[in-house]
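Okay, structure first, notes after.
Given the structure is predicted, the values throughout are model-derived calculations rather than measurements. Order of listing sets the numbers, starting from 1, for every ligand and every atom in it.
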Amino acid sequence: MMGEKGKVYLVGAGPGDPFLLTLRAKALLDECDVLLYDNLTNPEIREWTRKDCEHVNVGKSPGKHSIEQDEISEILVDKANENLMVVRLKGGDPFVFARCAEEMSVLDRAGIKYEIVPGVTAALACAAYAGVPLSHREFGSSISFLTGHEDLKKESLRVDFAKFAEVGGTLCIYMGMSKLEEIVDRLLQGGLSPEKPTIVVSNGTLPTQRKIMCSLGELVAKTREEGLAAPAVIFIGNAIGLATKANWFEDRPLFGRRFVVTRSTAQNGEMKNKLQNLGADVLELPLIRILPTEDKKLVAEVFAGIATYEWGVFTSANGAREFLRIFFKAFKDIRSFGPMRIACVGEATASIFRKHNLEVELVPETATAENLATALVATDSLDSANVLVVSGNRNREVMVNMLETMGHAIVDILPVYGTDFAEVINSPGLERYKKEGADGIIFSSSSTALSFIEQEEDLILESEARVPIHCSFGPETSKTLRENELPVDLELEHPGIEEMIESLVQRFG
Ligand code: SAH
């Protein structure tokens, strides 16, 4: 246990990119019983909590009935008094324009223990992710954090901006967008030159980050023209004049593009990470679920005769993984695998065996079950041979049929998992998908395509949404799409995650 019951953790969530959370914050989120969060905290981070963790949105946003500060403090006290472990998650750093002091004093008065976990504050994160230097030996020796408004309801500015015009150095202005004109006026009145280099970074560290560079004099017109909105940090000063238009974050090849991944939650990880590393915004819309289906009796029979099989045929990475899992549950020693030769539908499946130093003797050129069967038949080794086909519950009949009728093999089938359609209405990414759409939707199998078709009514895009192209992993998936009158806009010659990423970069990069 990292955290304690009956205690409140005031935790900084950083500016948006989940990777900018501290390890301490992550550990506390993993454990907590209750989570109170602000609107600016990334929903993905909130998913890290336990399934039974209670989530309370205490965000203040314009237009919505806002929970008063007193009410938030009260919830913190009540939940801690119920002997729960409470995380109060705040965007950025809890001590920077985040009313942490108020919450601390209420907790003090109530005699409740608390801890504070710092976070990366927006100004520092935006500067880093937009390539904006905040200090320089010659051009900037001080950095100020200022706030435009502290409370949406408060009319006037709290900060005397005219005085900060004299302070110089680099000014980092939070919450400045709704009073931008007034702020610029005061700075100019205070004597700051209209030529001062100015940069605005909105949605910093997120796939929707935008940056504009101009002079202070152009700032108001330029933000309007570009339609830049909150949350944003405004940087003003000579040091930031050294920033260039280029920056590592926005220049990544898939930055600004949005893709939908459709496999089961457990399988989407690798593709999602790779896309995100290239800058893409990734929506998860799991269309299938993988359920292990272990028929104990059948498994026992197959394992008892495992030495009698000449070929083990694996039609998916899932099947291979699941097979090895139950194999190692039954046997401690890899030698029990026996002389069975291994044939795999594609490289992803084969790599699972290679990790165990098991040689894979056959992988067809293109990863389809039919090609796998054809290649096996061509080895001329099937006649009266015992063959074990390890697979899921779909798309195996044709292959088994070919092995039996063309190769004259004696086939045993061992289903180790089942593929089920996952209900899309439960998907974390559905709301954004319908509202914003995407540049591409990636179908990794016929099952994902079929599930999409079956649930099309729940997937209708709103009129403003981007209409995604259909990206298919291979010929079988494409066939399913076309048979159902859906276009195939991109198809891989050799199915694989790397190949898909490469094609997307080629198309969109
Ligand atoms: N405690 C937070 C600040 C909360 S005030 C922190 O330390 O960052 C909210 C303001 O933070 C916004 O109005 C905006 O100025 C800034 N901000 C928060 N997240 C941001 C982001 N992703 N990009 C740009 N500015 C952001």
Can you sort out which atoms of ligand 1 are near [X], meaning under 4.0 Å from one of its heavy atoms?
X	value
V201	24 (C)
C126	23 (N), 24 (C)
D93	1 (N), 6 (C), 7 (O)
A98	1 (N)
G92	2 (C), 6 (C), 7 (O), 8 (O)
V233	24 (C), 25 (N)
N203	22 (N), 23 (N)

Closest heavy-atom contact between [X] and [Y]?
X	Y	result
A465	K434	CB-O, 3.6 Å
A317	T349	N-OG1, 3.2 Å
R252	L278	CB-O, 3.3 Å
F235	C126	CZ-CB, 4.0 Å

Considering heavy atoms of the protein only, find what lies nearest to [atom] and give residue, atom and distance to 0.1 Å.
atom	answer
atom 21 (C) of ligand 1	G204 N, 3.6 Å
atom 11 (O) of ligand 1	Y174 CD2, 3.4 Å
atom 10 (C) of ligand 1	M175 CG, 3.7 Å
atom 7 (O) of ligand 1	T121 OG1, 2.6 Å
atom 15 (O) of ligand 1	A232 O, 2.7 Å
atom 17 (N) of ligand 1	A122 CB, 3.4 Å
atom 3 (C) of ligand 1	V96 O, 3.5 Å
atom 4 (C) of ligand 1	F97 O, 3.6 Å

Between the side chain of [X] and the main-chain N/O of [Y], is any donor-acceptor distance below 3.5 Å?
X	Y	value
D93	G119	yes
S202	L228	no
R258	R466	no

Counting only heavy atoms closer than 4.0 Å, does ligand 1 sit against the backbone of L40, its side chain, both, or neither? side chain
Give the contacting part of A230 toward ligand 1: side chain, backbone, both or neither, where contact means a heavy-atom distance below 4.0 Å. neither
Is there a side-chain contact between R88 and V58 (heavy atoms, below 4.5 Å)? yes
Side chains of F161 and E182: does their closest heavy-atom pair fall under 4.5 Å? no
Under a 3.5 Å cutoff, is there a donor and acceptor pairing between the side chains of T477 and S472? no
Using only heavy-atom distances, determine whether the side chains of T147 and R158 contain a donor-acceptor pair under 3.5 Å. no
Is there a polar contact between ligand 1 and G91, counting only N or O atoms under 3.5 Å apart? yes
Looking only at N/O atoms, are P15 and ligand 1 under 3.5 Å apart anywhere? yes
Any T205 heavy atom less than 4.0 Å from ligand 1: no
One thing to verify: whether E250 and R210 come together as a salt bridge, which I'm taking to mean a side-chain N less than 4.0 angstrom from a carboxylate O. no
